[in-house]
Colleague: 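Below you will find the structure I want to go over with you.
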Amino acid sequence: MLAILLMMFLVDLERFAMLGQYKELSESLANDPGALGLLVLVCLVDLNVIMQIAIRTFSAK
């Protein structure tokens with residue numbers, strides 16, 4: 001899940017850069033999601049870590 005989140009971010013940056021749309025790239029990076037966006041990102045990362053720990057714990061033989 002974390003890999004998908006990072007790939008979504010990187011693909012968007014690469015798309016703007018490959019098309020030469022540097023103004024649009026800087027505008028998209030300038031949009032600060034604020035505290036709510038940071039909280040959602042932290043929750044997704046935490047959920048990813050907890051899921052991986054749970055999978056490894058319960059699949060141990």
Colleague: When rounded to the nearest 0.5 angstrom, what distance separates CG in Leu44 from CG in Leu39?
Modeller: 9.5 Å
Colleague: Nearest heavy-atom pair of Thr57 and Ile53: which atoms, and what distance?
Modeller: OG1-O, 2.7 Å
Colleague: How long is the span from the CD1 atom in Ile55 to the CD1 atom in Ile50, to the nearest 0.5 Å?
Modeller: 12.0 Å
Colleague: Please name all residues satisfying side-chain hydrogen bond (donor to acceptor under 3.5 Å, both in side chains) with Gln52, sequence neighbours left out, ordered by chain then number.
Modeller: Asn48
Colleague: Would you compute the distance between atom CE of Met7 and atom CD of Glu14 and round it to the nearest 0.5 angstrom?
Modeller: 6.5 Å
Colleague: When clusters are formed by joining ILVMFWY residues with side-chain heavy atoms under 4.5 Å apart, either directly or through shared neighbours, do Leu10 and Phe16 land in the same one?
Modeller: yes
Colleague: Just wondering, do Cys43 and Leu47 contact through their side chains at under 4.5 Å, heavy atoms?
Modeller: no
